[in-house]
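Whatever order the structure lists them in is the order used to number ligands and atoms, beginning at 1.
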Amino acid sequence: MALKRHVTLLDGEKVFFRPLKPDDAALYPDFLAEVTRDDLRLRFFAAMREVSPDVIDKLIHYDPAHAMAFVAIDEPSGKLLGVVRLHDQPNGEDAEFAILMRSHLKGHGLGWLMMKHMIAYAKERGLKTVQGQVLAENSTMLTMCGELGFHIADDTERGVKHVTLPLDEVPAEAIH
Ligand SMILES: CC(C)(COP(=O)(O)OP(=O)(O)OC[C@H]1O[C@@H](n2cnc3c(N)ncnc32)[C@H](O)[C@@H]1OP(=O)(O)O)[C@@H](O)C(=O)NCCC(=O)NCCS
């Protein structure tokens, strides 16, 4: 799989995906300034006014042996539009994903394309599943996960759903 991929959103906007690199720290303040508190809560499961510098540092300096993060970049401006990440579970066969994007861009098809990019990467790496925790109220994410083939179950944590995509159930043509 090509780690860099060019895509076009539903409204014609040109975007490319590439792995996140440490230099991208400079793009984060502008990115996070356009993420609403509600969306931060859906992503981090906690009310927060802003993401602390410590958390940003951890998000950027991930261990590439056990994790991967892809950024979506607006072609004309070079702005960071979204991030999807994948962290290996200790068994080395499964990985947990998380996704966040600029709030005003929701509904343009970017989340769907970022998820497919992450799934293609996971499948090519030979992982067995990608999994995630989604707040039960996050109907956009749960609908999207259902359409992408994830199995959705109650999590042990109240108000949270556990979503699992067995990668052997994903046909190769579905991610290209
Ligand atoms: C969840 C999130 C990533 C979704 O991204 P998004 O860009 O708004 O979603 P998209 O526009 O790609 O997809 C939304 C819709 O299009 C569908 N869709 C998009 N592209 C599609 C395609 N090519 N083919 C079929 N369906 C498609 C989705 O299923 C969904 O359907 P709906 O609009 O009828 O409800 C985004 O809302 C977000 O960042 N939320 C805040 C953080 C969060 O919730 N993170 C998840 C925590 S696990």
Worksheet entry | Student check: side-chain heavy atoms of Val35 and Val51 closer than 4.5 Å | no
Discussion item. Could you identify the single nearest non-hydrogen protein atom to atom 47 (C) of ligand 1 and state the distance to 0.1 Å?
Written reply: Leu42 O, 3.6 Å
Item to complete: Could you tell me which atoms of ligand 1, counted from 1 in the order shown, lie closer than 4.0 angstrom to a heavy atom of Leu110?
Response: 7 (O), 12 (O)
Worksheet entry | Validation row: His66, His87 side chains within 4.5 angstrom (heavy atoms) | no
Discussion item. Counting only heavy atoms from other residues, nucleotides and ligands, does the tally under 6.0 Å from NZ of Lys58 exceed 12?
Written reply: no
Discussion item. Is the contact between Leu113 and ligand 1 made by the side chain, the backbone, both, or neither, using heavy atoms and a 4.0 Å cut-off?
Written reply: neither
Discussion item. How close do Lys14 and Pro76 get, counting heavy atoms only, and between which atoms?
Written reply: O-CD, 3.9 Å
Worksheet item: Which is closest to atom 8 (O) of ligand 1 by heavy-atom distance: Gly111, Ser103, Gly107?
Response: Gly107
Practice prompt. Heavy-atom distances under 4.0 Å are what count here, so tell me which part of Met114 touches ligand 1: side chain, backbone, both or neither.
Written response: neither
Worksheet item: Should Arg18 and Val71 be marked as a side-chain contact (heavy atoms from CB on, under 4.5 Å) after you check the CA-CA gap, both sets of side-chain angles, and the distance that decides it?
Response: CA-CA 6 Å; Arg18 63 158 170 75; Val71 288; 3.4 Å; yes
Response to the item:
the protein heavy atom lying closest to atom 4 (C) of ligand 1 turns out to be Met144 CE, 3.9 Å
Discussion item. I'd like to check which ligand 1 atoms, numbered from 1 as shown, lie under 4.0 Å from a non-hydrogen atom of Met141.
Written reply: 1 (C), 46 (C)
Worksheet entry | Residue, atom name and distance, where the atom is the protein heavy atom closest to atom 45 (N) of ligand 1 | Ile99 O, 2.9 Å
Discussion item. Please list the nearest protein heavy atom to atom 39 (O) of ligand 1 with its residue and the distance rounded to 0.1 Å.
Written reply: Met101 CG, 3.1 Å
Discussion item. Below the 3.5 angstrom mark, is there an N/O of Leu105, backbone or side chain, next to an N/O of ligand 1?
Written reply: no
Worksheet entry | Minimal non-hydrogen separation, Glu50 against Leu40, with atom names | CA-CD1, 4.3 Å
Discussion item. Determine whether any protein heavy atom is located less than 4.0 Å from atom 23 (N) of ligand 1.
Written reply: yes
Practice prompt. Using a distance threshold of 4.0 Å (strictly less than), state whether atom 12 (O) of ligand 1 has a protein heavy-atom neighbour.
Written response: yes
Worksheet item: Between Arg43 and ligand 1, is there a nitrogen or oxygen pair with a distance under 3.5 Å?
Response: no
Worksheet item: Taking side chain as C-beta onward, heavy atoms only, is His108 less than 4.5 Å from Leu81?
Response: no
Practice prompt. Using a 4.5 Å cut-off on heavy atoms from C-beta on, say whether the side chain of Phe31 contacts that of Lys79.
Written response: no
Fill in: Aromatic plane relationship, Phe70 with His117 - under 30° parallel, 30 to 60° tilted, over 60° perpendicular
perpendicular
Worksheet item: Which atoms of ligand 1 have any heavy atom of Gly109 under 4.0 Å away?
Response: 10 (P), 11 (O), 12 (O)
Worksheet item: Thr143: heavy atom below 4.0 Å from ligand 1, yes or no?
Response: no
Item to complete: Check each heavy atom of His108 against ligand 1 and say whether those closer than 4.0 Å belong to the side chain, the backbone, both or neither.
Response: backbone
Item to complete: State whether any protein heavy atom lies less than 4.0 Å from atom 34 (O) of ligand 1.
Response: no
Worksheet, complete the sentence: For Gln133, the ligand 1 atoms with a heavy-atom partner under 4.0 Å come out as 48 (S)
Worksheet item: So, Tyr121 versus Phe17, ring centres under 6.0 angstrom or not?
Response: no
Fill in: Nitrogen or oxygen atoms of Lys106 and ligand 1 under 3.5 Å apart
no
Worksheet entry | For atom 25 (C) of ligand 1, the protein heavy atom that lies nearest, with its residue and separation | Trp112 CZ2, 3.4 Å
Worksheet item: Any side-chain heavy atom of Leu20 within less than 4.5 Å of one from Tyr28?
Response: yes
Item to complete: Tell me which protein heavy atom sits closest to atom 44 (O) of ligand 1, plus the residue, atom name and distance to 0.1 Å.
Response: Asn138 ND2, 2.7 Å
Worksheet item: If we only count heavy atoms from C-beta on, is the Thr129 to Gln89 side-chain gap below 4.5 Å?
Response: no
Worksheet item: Tell me, do Phe97 and Ile119 make a side-chain contact under 4.5 Å, heavy atoms counted?
Response: no
Worksheet entry | For atom 17 (C) of ligand 1, closest protein heavy-atom neighbour | Glu147 OE1, 3.9 Å
